[in-house]
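Report on one structure; see the data block that follows.
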Amino acid sequence: MTEGRMTDTGQAEQAGGLSVVTTATDGIRVLTLAGEIDHHTGDQLRHALEVTGTARPRIVIDMLRVTFMDSSGINILVNAHQTVTEADGWLRLAAPTDSVLRVLQLVGIDDVIQCRPTLREALAL
């Protein structure tokens, strides 16, 4: 695969303990997260995953720097997956840390949402 062109949309937000940076690579929205996903920071992630009016949204969430995720994060991912799928798009998770991957596996999210070990692999599929 040839390297895609990265476009920084200039959207970097900080809410509590979560940073979300939105970029695009070959028409795929890439959300790079850092920090914790919990009930205090969930609204920011929910907002970043908004796809209203987007035809066939394609989103990769880079979770390499996510240090913690609770059930509110799981709910946000499940709802986003459903919304994106209904819009004839897809959502993929990239590079979750071991602790976050354990949470995803415990509740079976890794069977519903594609989860890849690296951002490159998530973008290539």
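When a residue number appears, it is its place in the shown sequence, counting from 1.
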Would you say the side chain of [Y] lies within less than 4.5 Å of the side chain of [X], judging by non-hydrogen atoms?
| X | Y | answer |
| --- | --- | --- |
| His81 | Ile109 | no |
| Arg65 | Thr32 | yes |
| Val66 | Ile37 | yes |
| Phe68 | Leu18 | no |
| Ile59 | Leu49 | yes |
| Thr83 | Leu91 | no |
| Val51 | Arg29 | yes |
| Leu77 | Leu104 | yes |

With clusters defined by side-chain heavy atoms of hydrophobic residues (ILVMFWY) lying less than 4.5 Å apart, directly or transitively, does Leu64 cluster with Leu45?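 No, it is not one cluster - the side chains of Leu45 and Leu64 are not joined through contacts under 4.5 Å.
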So does [Y] get a backbone contact from the side chain of [X], meaning a donor-acceptor N/O pair under 3.5 Å?
| X | Y | result |
| --- | --- | --- |
| Thr97 | Thr67 | no |
| Thr25 | Ile28 | no |
| Arg58 | Asp26 | yes |

Above 12 or not: heavy atoms from other molecules or residues under 6.0 Å from CZ of Arg56?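 Atom CZ in Arg56 is not packed in, count stays at 12 or less.
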Spacing of [X] atom [atom1] and [Y] atom [atom2] [to the nearest 0.5 Å]:
| X | Y | atom1 | atom2 | value |
| --- | --- | --- | --- | --- |
| Leu119 | Ile61 | CG | CD1 | 11.5 Å |
| Ile76 | His39 | CD1 | NE2 | 11.5 Å |
| Leu101 | Leu106 | CG | CG | 9.5 Å |
| Asp62 | Arg120 | CG | CZ | 13.0 Å |
| Ile113 | Gln82 | CD1 | CD | 9.0 Å |

Looking at [X] and [Y], what are the two nearest heavy atoms and their distance?
| X | Y | value |
| --- | --- | --- |
| Ala122 | Arg92 | O-NH1, 3.0 Å |
| Thr54 | Pro57 | O-CD, 3.5 Å |
| Pro117 | Glu121 | CG-OE2, 3.4 Å |

Assess the side chains of Gln44 and Thr41: does a donor N or O sit below 3.5 Å from an acceptor N or O?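 The answer is no; no qualifying pair exists.
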